[in-house]
Student: 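Pasting in a structure now, in structure tokens, and then I'll have a few things to ask.
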Amino acid sequence: MLNFLPGPILFALSSLLLVINTVLWSSLICVGGLVKLLVPIAGFRRIITIIMNRFMWGWATCNGGILYLIAKIEWDIEGLEGLKKDGWYLLISNHLSGFDIAALTYVLRNNIPMLKFFLKKELLWVPFMGLGCWSLDMPFMNRTSAKQLRKNPKLKGKDLATTRRSCEKFKTMPTSIINYVEGSRFTKEKHTRQRSPYRYLLRPKAGGIAFTISAMGEQFTSLLNVTLVYPDSADDTLTEVMHGKIKRIVVRIETMPVPEVDDAKYFSDADCRAQFQRWLNGVWQQKDEQIHQILLKYNSKQLSGSKQESDAIESH
């Protein structure tokens with residue numbers, strides 16, 4: 001609606017709206033966290049958590065409204081069929097920009113439980129952020145360093161046991177956990193430094209997803225393999241969105257069985273870890289080809305559109 005405005009004005013307006021939206025909903029979530037902290041009754045805390053997740057839904061929905069105001073975006077989405085708000089999902093996705101979370105929470109907000117992340121336990125003590133994440137029931141985990149394990153071998157396996165205990169509440173609460181297996185956002189510099197064998201992806205890391213499956217594997221009903229593509233984006237997607245330059249967002253969702261991870265073998269058997277890594281590499285190889293085909297499709301459309309415009313000009 002407002003995409004006729006100059007880019008700098010759109011950027012300033014979208015920045016203001018996104019900040020207001022985030023501050024509003026995060027403040028409400030933190031207030032809910034304080035109430036939840038002060039009233040240690042399990043049933044009451046469950047109700048508060050449900051309300052906090054509705055606040056997160058509100059944040060995601062308002063993000064979509066802001067996008068509608070600043071940019072005329074075409075959403076090309078496939079794979080939502082069969083997803084359930086009362087299901088348990090482990091979601092893996094490629095990671096392109098700081099806009100990814102806003103895009104995925106908006107797309108999936110009415111189809112699966114609101115997305116959660118495994119967070120380091122140390123983040124629990126970060127002011128406001130820790131309280132907000134705790135009130136949303138984000139799962140916190142311990143990660144003992146290799147140095148600590150060498151000093152005290154008895155700590156081996158305790159991280160997994162602690163995380164499993166913290167995730168027990170999810171047995172009765174539909175949950176979606178997202179894991180960015182590349183570890184960080186894609187950049188050309190990282191791609192070159194890694195010597196990645198993929199054209200559009202960084203190398204996937206199996207450790208995080210294996211840990212998640214080990215801690216919650218029996219609770220997940222499906223693995224959602226999500227591919228996110230911004231065909232119009234040249235480099236900094238978040239900035240381009242806020243300038244109203246992104247015209248199309250492509251999301252492909254593939255529902256897959258959750259792979260089995262025998263934690264007794266995975267964390268002690270190199271062959272077992274290598275086998276799981278090969279499985280993940282195969283998923284990433286297919287994702288890389290899928291991205292290539294999506295880009296070919298939209299690039300050919302753009303070329304065709306440009307040719308038609310050129311022919312129309314010449315005919316006049």
Side-chain angles (χ1 to χ4, degrees), residues 1-38 47-75 77 85 91 93 95-117 119 123-138 140 176 178 180 184-185 226 228 230 232-251:
M1 293 178 66
L2 301 177
N3 58 320
F4 63 90
L5 294 172
I9 295 178
L10 276 178
F11 182 82
L13 180 61
S14 59
S15 298
L16 177 62
L17 291 174
L18 288 170
V19 167
I20 291 172
N21 184 44
T22 301
V23 169
L24 170 65
W25 293 108
S26 60
S27 297
L28 290 172
I29 289 170
C30 284
V31 170
L34 284 173
V35 174
K36 186 176 174 179
L37 186 65
L38 294 172
I47 293 171
I48 292 294
T49 298
I50 292 171
I51 295 172
M52 296 306 99
N53 278 289
R54 291 302 293 174
F55 286 165
M56 190 173 177
W57 179 93
W59 172 78
T61 302
C62 288
N63 281 335
I66 294 169
L67 282 179
Y68 178 75
L69 281 175
I70 66 173
K72 190 177 180 181
I73 292 178
E74 175 191 331
W75 291 87
I77 306 167
K85 286 285 286 183
L91 187 150
S93 174
H95 196 9
L96 297 168
S97 80
F99 178 68
D100 294 356
I101 291 298
L104 290 181
T105 51
Y106 175 69
V107 167
L108 295 167
R109 73 194 189 286
N110 293 323
N111 300 93
I112 65 174
M114 293 306 298
L115 295 175
K116 301 183 188 299
F117 305 82
L119 302 171
L123 294 176
L124 182 61
W125 310 111
V126 176
F128 302 109
M129 177 184 174
L131 179 62
C133 291
W134 178 78
S135 68
L136 287 165
D137 265 352
M138 297 284 182
F140 290 89
S176 301
I178 184 170
Y180 284 116
S184 63
R185 292 193 292 268
V226 177
L228 189 59
Y230 307 101
D232 307 312
S233 179
D235 188 19
D236 188 346
T237 302
L238 178 59
T239 301
E240 290 170 347
V241 168
M242 294 171 71
H243 277 92
K245 293 181 180 180
I246 299 297
K247 305 301 180 187
R248 187 175 291 107
I249 299 174
V250 181
V251 184

Student: State the NE2-CD1 distance between His243 and Ile9, to the nearest 0.5 angstrom.
Tutor: 11.0 Å
Student: Applying salt bridge (Lys or Arg N to Asp or Glu O under 4.0 Å) as the test, list every pair that has at least one member in residues 56-70; sequence neighbours left out.
Tutor: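 Checked against salt bridge (Lys or Arg N to Asp or Glu O under 4.0 Å) - neighbours excluded - no pair reaches residues 56-70.
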Student: Would you call the rings of Trp75 and Tyr106 parallel, tilted or perpendicular if under 30° counts as parallel and over 60° as perpendicular?
Tutor: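 Plane angle between 30° and 60°, so tilted.
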Student: Which heavy atom in Leu17 sits nearest to a heavy atom in Leu69, and how many Å separate them?
Tutor: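 That would be CD1-CD1, 4.3 Å.
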Student: Does Lys116 have any side chain to side chain donor-acceptor pair (under 3.5 Å) partners at least two apart in sequence or in another chain, and if so, which?
Tutor: Asn53
Student: Taking side chain to side chain donor-acceptor pair (under 3.5 Å) as the test, write out the residues that go with Asp100, two or more places apart.
Tutor: His95, Ser97, Tyr230
Student: With sequence neighbours left out, which residue pairs that include part of residues 21-37 fulfil the salt bridge (Lys or Arg N to Asp or Glu O under 4.0 Å) condition?
Tutor: Lys36-Asp137
Student: Taking side chain to side chain donor-acceptor pair (under 3.5 Å) as the definition, give me every residue that meets it alongside Trp134, ordered by chain and number, with sequence neighbours left out.
Tutor: none
Student: Who passes side chain to side chain donor-acceptor pair (under 3.5 Å) against Ser93, sequence neighbours left out?
Tutor: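 Result, side chain to side chain donor-acceptor pair (under 3.5 Å) vs Ser93: none returned.
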Student: Closer than 3.5 angstrom, by distance alone: can the side chain of Lys247 be matched with the main-chain N or O of Gly244 as a donor-acceptor pair?
Tutor: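 Yes, because the side chain of Lys247 sits within donor-acceptor range (under 3.5 Å) of the backbone of Gly244.
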Student: With rounding to the nearest 0.5 Å, note down the distance linking CD1 in Ile246 to NZ in Lys72.
Tutor: 16.0 Å
Student: Going from CG on Leu18 to CZ on Phe99, what distance comes out if it is rounded to the nearest 0.5 angstrom?
Tutor: 8.5 Å
